[in-house]
Amino acid sequence: MWAERPRGNALCKECFFHAFEEEIHHTIVHAELFKRNETIAIGASGGKDSTVLAYVLKLLNDRHDYGVNLVLLSVDEGITGYRDDSLETVKRNQEQYGLPLKIISYEELYGWTMDAIVKQIGLKNNCTFCGVFRRQALDRGALMLKVDKIATGHNADDIAETVIMNVLRGDIGRLRRCTAITTGTDGALPRCKPFKYTYEKEIVMYAYFKKLDYFSTECIYSPNAYRGFARAYIKDVEKIRPSAIIDIIHSGESLSVKKDIRLPVQGVCERCGYISSNAVCKACVMLEGLNKGLPRLGIGKTHKERRKMQEMLQQETGAADSTPCTDQSLKSSCKCENKTDQSECSSQTYDSDNASGCSTYSKSQKCKDGCSSTNPRTVAKEKLSIFGKLKQPPSIDF
Ligand code: SF4
């Protein structure tokens with residue numbers, strides 16, 4: 001049996017296995033992806049990429065003595081007829097490879113399954129919701145496991161598609177980082193892609209010849225995914241230029257951004273504490289939209305989303321952060337030193353059980369003196385207490 005490799009040479013089955021594994025080992029060592037004693041969460045979906053990743057990382061960890069601890073981490077998006085079946089594969093992989101497994105679901109994190117989201121929004125932007133929620137869910141799960149890093153099964157084809165998608169969207173910020181082999185070093189947790197230079201075709205061949213147990217059905221909500229168009233385009237280009245995938249990755253790596261281009265500044269979401277370049281992260285905006293029956297809130301332009309969120313908070317709380325209280329009685333009764341003559345308090349300490357000593361705001365958000373102003377931060381915090389809980393994740397022992 002001979003395996004025709006995308007890079008041109010034909011190898012027998014055993015030599016293909018060895019070349020495939022050692023090329024990944026070279027990528028790991030060259031990019032210094034792992035350090036001894038680290039715990040690595042492998043993002044496991046039961047599909048071919050993550051199944052091969054789990055198998056190969058375990059094999060290389062033993063063969064080359066990396067000295068890392070590997071765990072499987074799965075996200076259950078709540079897609080009946082797809083994810084429930086693929087998770088059964090992950091559970092079998094857990095036994096086959098002897099690796100611990102943690103499954104975290106959208107339902108427990110967000111109170112929504114993808115089935116329910118699609119019911120509300122239809123099949124147009126479902127993957128945008130799913131992608132944003134999955135990214136955060138993986139980080140949340142990894143924090144619960146107290147791992148040092150997440151390894152994902154993104155392969156060379158995926159990265160080339162992402163480059164093309166970011167070019168078409170004109171997204172300079174993402175374009176700059178999408179070819180990096182390790183990302184998120186300034187975020188919740190670093191993520192790495194040991195398959196960055198590994199072709200999808202070879203992953204399929206490896207899984208097939210090794211008879212690995214993986215799930216190959218496509219997501220029932222995928223036909224309209226934007227990525228599918230980028231994939232079809234690259235497949236067409238590959239027909240006339242076989243090295244197209246690796247060329248696109250190298251092009252992405254070679255791009256540099258002019259110094260005077262303003263890029264998004266990373267901060268944290270004021271609602272849930274997750275890394276975000278806006279005051280409120282995308283997942284919180286999307287969740288707010290879903291909970292309010294306004295799903296388009298999360299998929300519009302960022303500045304429009306922020307304005308809409310602000311308006312909604314104002315409607316909900318009766319006053320925005322900066323709205324001065326006009327109730328004259330506050331002037332005399334409020335003892336908080338942050339109050340001005342206009343009775344406006346800007347102190348964030350109102351969030352924490354009235355720590356500033358202000359007697360006019362109570363924890364129940366209503367001014368006891370009859371003032372109609374409320375404390376919007378307290379309202380938002382209590383509404384999204386699920387994220388508050390996850391900010392201090394429980395430890396999980398295997
Ligand atoms: Fe989620 Fe879309 Fe992927 Fe399905 S195809 S798992 S809906 S991102």
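All ligand and atom numbering here is 1-based and tracks the order in the structure. Treat the numbers as computed from the prediction; the structure is a model and nothing was measured.
Using a cut-off of 4.0 Å between Lys/Arg side-chain N and Asp/Glu carboxylate O, R63 and E22 are scored as salt-bridged. With respect to E238 and K201, a salt bridge is recorded, a charged nitrogen being found less than 4.0 Å from a carboxylate O. No salt bridge links R231 with D157; every basic N to acidic carboxylate O contact stays at or beyond 4.0 Å. With salt bridges taken as basic N to acidic carboxylate O contacts below 4.0 Å, none links R92 and E88.
Between the side chains of D139 and Y274, a donor-acceptor pair is found at a separation under 3.5 Å.
Under a 4.0 angstrom heavy-atom cut-off, R134 registers as being in contact with ligand 1.
Within the 4.0 Å heavy-atom criterion, neither part of I220 lies near ligand 1.
Not one N, O or S atom of C130 sits under 2.8 Å from atom 4 (Fe) of ligand 1.
Below 4.0 Å from some heavy atom of N126 lie the following atoms of ligand 1, by number and element: 7 (S). Proximity to C219 (heavy-atom distance under 4.0 Å) selects the following atoms of ligand 1: 4 (Fe), 5 (S), 6 (S), 7 (S).
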